[in-house]
There are 2 protein chains.
Amino acid sequence: MKLDIIQKLKEHDLKVTPQRLTILDTLNRYGHASIDEIYKEVKKVHLSISLATVYKNITSLLQVKLIKELALNEAKSKYEIIKEPHSHLICKKCGSIEDINLSEQIEQNASKLASAKEFAAEETELNIYGLCKNCKQNN
Amino acid sequence: MKLDIIQKLKEHDLKVTPQRLTILDTLNRYGHASIDEIYKEVKKVHLSISLATVYKNITSLLQVKLIKELALNEAKSKYEIIKEPHSHLICKKCGSIEDINLSEQIEQNASKLASAKEFAAEETELNIYGLCKNCKQNN
DNA sequence: TAATTATTTGATAACTATTATCAACATGCT
DNA sequence: AGCATGTTGATAATAGTTATCAAATAATTA
């Protein structure tokens, strides 16, 4: 089930610890989670986990590109497991984040714009801020 | 020249102080700047400006929407004066940021995707991470 | 499976970043 | 000029992140 993850950890000399797996599992279940959210959630399983352990793991998981940061305007960064490229619908009110498929058009268009400036694009990030379905109604 | 800015400040009961104008001027010249960069720069003019003053100004300028935050992955946020919508080419090596025009196509496409999810899009943000012309060469 | 090595964990100290407080001061208005 | 209100600068208080290090654990080897 998570053989690919374990393999990637081993490739980079990262050990497969229960804490690390629980962090990854939390990210999987949450989709996107902040340091605090991860910490609170992982503590349910590992009562004595240290906040520092969460930070250290996030750093190493970023380095080996198992996860990526999602830096947000006026809010704390969230982290997500790397999968296919996608965009984000970010609710300004409740903070919820929904993934949507990045149409290829957009990505192609973006890298075209970039190469016109002789910029070597590696990653395209499209974030849409606004109000989610729910918050739009209860306004 | 900056009548529109002064007007907007007054509309929101923000006073036109020299420090505040210098911060705006710095953002204008830099294009994008972090808190630290603004602080260092403004200090050249106002020797005794406090870091707290910079923070407070950034907060109030954000509130009245004269500037916006640019939250970056693995780097400190930068701030920019709000003008026409545009995208960013962000160099992972030197940290430089270049504005590019967001083709209308992309924006339209994005809000189409959003409304399909019943999401009320307010702002679309397209960031392209990679290597700038310069860093690409000296690699 | 015991021994060995390298990494990780947890606790906490150290450091960095941000916000709050408040008296003195500056701005905008009349 | 005089008043009301917002701002500044200094600094204390918080919050967020990173560094340190001994004890514990995972992975490897014998």
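Proteins get letters first, then strands, A, B, ... in listed order; numbering begins at 1 in each.
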Measuring from atom CD of A:Gln108 to atom OG1 of A:Thr124, what distance do you get when rounded to the nearest 0.5 angstrom?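 OG1 of A:Thr124 is found 11.0 Å from CD of A:Gln108.
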
To the nearest 0.5 Å, what is the distance between CG on B:Leu62 and CD1 on B:Ile82?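 Spacing of CG (B:Leu62) from CD1 (B:Ile82) equals 8.0 Å.
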
Please state how far atom [atom1] in [X] lies from atom [atom2] in [N], giving the value in whole angstrom units.
{"X": "B:Glu74", "N": "D:dG16", "atom1": "CD", "atom2": "C1'", "answer": "17 Å"}
{"X": "A:His12", "N": "D:dA26", "atom1": "NE2", "atom2": "C1'", "answer": "19 Å"}
{"X": "B:Leu24", "N": "D:dT7", "atom1": "CG", "atom2": "C1'", "answer": "15 Å"}
{"X": "A:Ile6", "N": "C:dT7", "atom1": "CD1", "atom2": "C1'", "answer": "16 Å"}
{"X": "A:Lys43", "N": "C:dA11", "atom1": "NZ", "atom2": "C1'", "answer": "13 Å"}
{"X": "A:Lys76", "N": "C:dA17", "atom1": "NZ", "atom2": "P", "answer": "17 Å"}
{"X": "A:Tyr55", "N": "D:dA15", "atom1": "OH", "atom2": "P", "answer": "13 Å"}
{"X": "A:Leu9", "N": "C:dT7", "atom1": "CG", "atom2": "C1'", "answer": "12 Å"}

Given DNA chain C, 5'-ward residue of the pair B:Ala52 and B:Leu14, judged by closest heavy atom: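 With B:Ala52 and B:Leu14 compared, the 5'-side residue is B:Ala52.
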
[X] side chain to [Y] side chain, donor-acceptor N/O pair below 3.5 angstrom:
{"X": "A:His32", "Y": "A:Glu80", "result": "yes"}
{"X": "B:Glu125", "Y": "A:Asn73", "result": "yes"}
{"X": "B:Thr26", "Y": "B:Glu41", "result": "no"}

Can a salt bridge be assigned to the pair B:Glu37 and B:Lys78 using a cut-off of 4.0 Å between side-chain N and carboxylate O?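 Yes, this pair counts.
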
N-O pairing of B:Lys92 and B:Glu74 below 4.0 Å: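 No, B:Lys92 and B:Glu74 are not salt-bridged.
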
Quick one: is [X] getting a side-chain N or O under 4.0 Å of the [N] phosphate, OP1 or OP2?
{"X": "B:Thr53", "N": "D:dG9", "result": "yes"}
{"X": "B:Thr17", "N": "C:dT27", "result": "no"}
{"X": "A:Gln19", "N": "D:dT25", "result": "no"}

Hey, does B:Ser48 reach any base, or is it just sugar-phosphate, or nothing, if we go heavy atoms under 4.0 Å?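 Sugar-phosphate, no base atom in range.
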
Which part of the nucleic acid does B:Ile49 contact within heavy-atom distance under 4.0 Å: base, sugar-phosphate only, or nothing?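 Sugar-phosphate, no base atom in range.
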
Determine whether a donor-acceptor pair (one donor, one acceptor, N or O, separation below 3.5 Å) exists between the side chain of A:Lys56 and the base of C:dG10.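 Side chain to base: pair present.
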
No-H, no-angle donor-acceptor pair, A:Lys15 side chain to C:dA6 base, under 3.5 Å: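 When only heavy-atom distances are counted, A:Lys15 does reach the base of C:dA6 through a donor-acceptor pair under 3.5 Å.
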
What nucleotide among D:dA27, C:dT12, C:dT18 has an atom nearest to a side-chain atom of A:Lys10?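 So the side chain of A:Lys10 is nearest to D:dA27.
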
To the nearest 10 degrees, what angle separates the axes at the start and end of the helix from C:dT1-D:dA30 to C:dT30-D:dA1, five pairs each?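 Between the axes fitted at each end of the helix from C:dT1-D:dA30 to C:dT30-D:dA1 lies an angle of 50°.
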
Name the residue closer to the 5' end of DNA chain D, choosing between B:Arg20 and B:Leu51 according to the nucleotide with the nearest heavy atom.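 Closer to the 5' end of DNA chain D: B:Arg20.
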
Checking side-chain contact (heavy atoms from CB on, under 4.5 Å) against A:Leu89, which of A:Ile97, A:Asn127, A:Ile100, A:Leu131 comes through?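 Answer to the side-chain contact (heavy atoms from CB on, under 4.5 Å) test with A:Leu89 among A:Ile97, A:Asn127, A:Ile100, A:Leu131: A:Ile100.
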
